[in-house]
There are 2 protein chains.
Amino acid sequence: MNNTRFATAIHIMTLLAKMPGAWVSSDFLAGSININAVIVRKELSVLREAGLVESKKGKEGGSRISKKMDEIYISEIFQAINNSDVLGKKNNHPNPKCFVGKEINNNLNNLFTETNDLVIQFLSKKKLSEFAENFG
Amino acid sequence: MNNTRFATAIHIMTLLAKMPGAWVSSDFLAGSININAVIVRKELSVLREAGLVESKKGKEGGSRISKKMDEIYISEIFQAINNSDVLGKKNNHPNPKCFVGKEINNNLNNLFTETNDLVIQFLSKKKLSEFAENFG
DNA sequence: TTATATGTAACAAATTATATTACAATTAAA
DNA sequence: TTTAATTGTAATATAATTTGTTACATATAA
């Protein structure tokens with residue numbers, strides 16, 4: 001997908017990982033990423049559903065990581081975002097009267113799925129904590 | 001990237017692979033993919049620059065594969081399209097005053113590049129000819 | 001009670017992707 | 001030599017996706 005959702009999610013998770021326990025506001029996160037706070041809250045909502053963060057409403061509220069930091073893998077963030085098609089989209093209506101058009105999407109599906117699984121497997125070897133070590 | 005360029009290019013190459021030697025028109029290709037012929041010609045232009053196809057203008061013209069079919073790998077098609085960022089885009093202006101914002105894009109660059117290389121290596125094991133065998 | 005957060009919906013703006021139109025240049029065949 | 005079919009490409013238009021903005025109900029600490 002041609003969007004910044006994964007980059008945004010990694011940025012959020014890295015910052016939270018660097019401030020363990022603290023309730024970090026969406027405004028603070030948005031200021032670091034330099035995007036709109038509503039977008040941050042939407043992404044936090046997705047990360048929350050995936051069990052990666054928890055949030056607290058009201059004054060002094062914010063978000064923090066919700067599991068043992070050493071047990072978070074980059075693949076979990078990638079999968080939470082669910083930006084699956086790493087090789088792009090398929091064409092919607094290939095011609096079923098053509099012997100290639102008829103079969104292309106099944107075949108692309110296999111290729112795309114295999115590639116996706118490969119990426120997830122690769123990212124599942126990368127701990128968030130190790131990624132976060134690269135920062136000041 | 002959230003587009004259909006790779007799917008389109010694979011479709012083109014598969015059809016040409018199934019019709020070896022023939023000069024296939026962009027109209028015919030467009031009809032099978034069910035997209036506009038100008039888009040097909042643009043993609044053919046990219047594939048041509050990558051040395052994968054050759055085209056002939058004028059009546060009875062068209063395009064055909066320009067190298068030994070057994071020696072074309074899916075990775076070549078992927079790289080020709082140059083839809084690199086499989087994990088998406090980076091945010092443009094992370095805050096340089098934040099210790100994470102300052103370093104995030106270098107770190108994402110590494111991660112994105114590694115992932116891309118992984119995908120290319122994976123696709124470089126797949127021959128177009130084998131992919132094309134799945135079709136009628 | 002007030003100030004500061006989140007959560008989320010509805011809408012707007014910007015960006016990206018695809019389609020369309022137009023036409024010059026080329027080539028095969030009638 | 002003329003005609004019909006085709007590529008190559010630019011310019012423009014339309015559609016789809018992504019990101020941003022505004023608004024406000026709800027929650028909570030001080």
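Just so we're clear, the structure is a prediction, and the values are computed from it rather than from any experiment. By convention in this document, chain letters (A, B, ...) are assigned in the order of the sequence lines, proteins followed by strands, and residues within each chain are numbered from 1.
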Q: Ignoring hydrogens and angles, write down the donor-acceptor pairs under 3.5 Å from the side chains of residues 53-65 of chain B, residues two or more places apart or on other chains.
A:
{"unit_1": "B:Glu54", "atom_1": "OE2", "unit_2": "B:Arg64", "atom_2": "NE", "d": "3.0"}
{"unit_1": "B:Glu54", "atom_1": "OE2", "unit_2": "B:Arg64", "atom_2": "NH2", "d": "3.3"}
{"unit_1": "B:Ser55", "atom_1": "OG", "unit_2": "B:Arg48", "atom_2": "NH1", "d": "2.8"}
{"unit_1": "B:Ser55", "atom_1": "OG", "unit_2": "B:Ser63", "atom_2": "OG", "d": "2.8"}

Q: Rounded to whole angstroms, how far apart are CZ on A:Phe28 and C1' on C:dT6?
A: 17 Å
Q: Using 0.5 Å steps for rounding, measure from the CG atom of A:Leu44 to the CE atom of A:Met13.
A: 9.5 Å
Q: Identify each atom pair where a protein N or O and an N or O of nucleotides 20-23 of chain D are less than 3.5 Å apart, giving names and distance.
A:
{"unit_1": "D:dT21", "atom_1": "OP2", "unit_2": "A:Asn36", "atom_2": "ND2", "d": "2.9"}

Q: Given C:dA5, is OP1 or OP2 found less than 4.0 Å from the side-chain N or O atoms of A:Ser25?
A: no
Q: Does any residue of residues 93-106 of chain A have a heavy atom under 4.0 Å from DNA chain D, and if so, which ones, in number order?
A: none
Q: Return the value, rounded to whole Å, for the distance between atom CH2 of B:Trp23 and atom P of C:dT27.
A: 11 Å
Q: Check the distance between D:dT17's P and A:Asp85's CG and give it to me in whole angstrom.
A: 12 Å
Q: Tabulate below the donor-acceptor pairs under 3.5 Å that side-chain atoms of residues 95-103 of chain B make, not counting sequence neighbours, or state none.
A:
{"unit_1": "B:Asn95", "atom_1": "OD1", "unit_2": "B:Lys97", "atom_2": "N", "d": "2.8"}
{"unit_1": "B:Asn95", "atom_1": "ND2", "unit_2": "A:Gly31", "atom_2": "O", "d": "3.3"}

Q: When the distance from CG of A:Leu29 to C1' of C:dT4 is rounded to whole Å, what number comes out?
A: 16 Å
Q: With no hydrogens and no angle check, is any side-chain donor or acceptor of A:Asn3 less than 3.5 Å from a backbone partner on B:Gly88?
A: no
Q: If I compare all heavy atoms of A:Val46 with all of A:Ala80, which pair ends up nearest, and what's the gap?
A: CG1-O, 3.3 Å
Q: Is the backbone of A:Glu114 close enough, under 3.5 Å, to the side chain of A:Asp117 for a donor and an acceptor to pair up by distance?
A: no
Q: Does A:Asn109 offer a backbone N or O that forms a donor-acceptor pair with the side chain of A:Thr113 under 3.5 Å?
A: yes
Q: For B:Ala7, is there any backbone N or O sitting under 3.5 Å from a side-chain donor or acceptor partner on A:Lys90?
A: no
Q: Specify the closest pair of heavy atoms between A:Ile81 and A:Arg5, including all atoms of both residues, with the distance to one decimal.
A: O-NH1, 3.2 Å
Q: Determine whether a donor-acceptor pair (N or O, by modelled atom type, separation under 3.5 Å) exists between the side chain of A:Thr115 and the backbone of A:Leu111.
A: yes
Q: Might you point out which heavy atoms bring B:Leu52 and B:Lys67 nearest each other, and give the distance in Å?
A: CD2-CD, 4.2 Å
Q: Taking only the side-chain nitrogens and oxygens of A:Asn2, find out if one of them lies under 4.0 Å from OP1 or OP2 of C:dA17.
A: yes
Q: Backbone N or O of B:Ile104 within a donor-acceptor pair of the B:Asn107 side chain at under 3.5 Å?
A: no
Q: Taking all non-hydrogen atoms of both residues into account, name the closest pair between B:Phe122 and B:Lys126 and its distance.
A: CZ-CE, 3.5 Å
Q: What is the distance, rounded to the nearest whole Å, between atom CD1 of B:Ile33 and atom P of C:dA19?
A: 10 Å
Q: Start at the 5' end of DNA chain D and walk down; is the nucleotide closest to B:Val24 or to A:Arg5 reached first?
A: B:Val24
Q: Any sub-3.5 Å donor-acceptor pair from B:Ser66's side-chain atoms to B:Gly51's backbone N or O?
A: yes
Q: Would you mind reading off the distance between A:Asn92 atom CG and C:dA17 atom P, rounded to a whole angstrom?
A: 15 Å
Q: For DNA chain C, which residues of residues 43-67 of chain A approach it to below 4.0 angstrom with any heavy atom?
A: A:Ser45, A:Arg48, A:Ser55, A:Lys56, A:Lys57, A:Gly58, A:Lys59, A:Gly62
Q: Can you pull out how bent the helix from C:dT1-D:dA30 to C:dA30-D:dT1 is, comparing the axes over its first five and last five pairs, to 10°?
A: 10°
Q: Once you round it to whole Å, what is the distance between P of D:dA15 and NZ of A:Lys89?
A: 15 Å
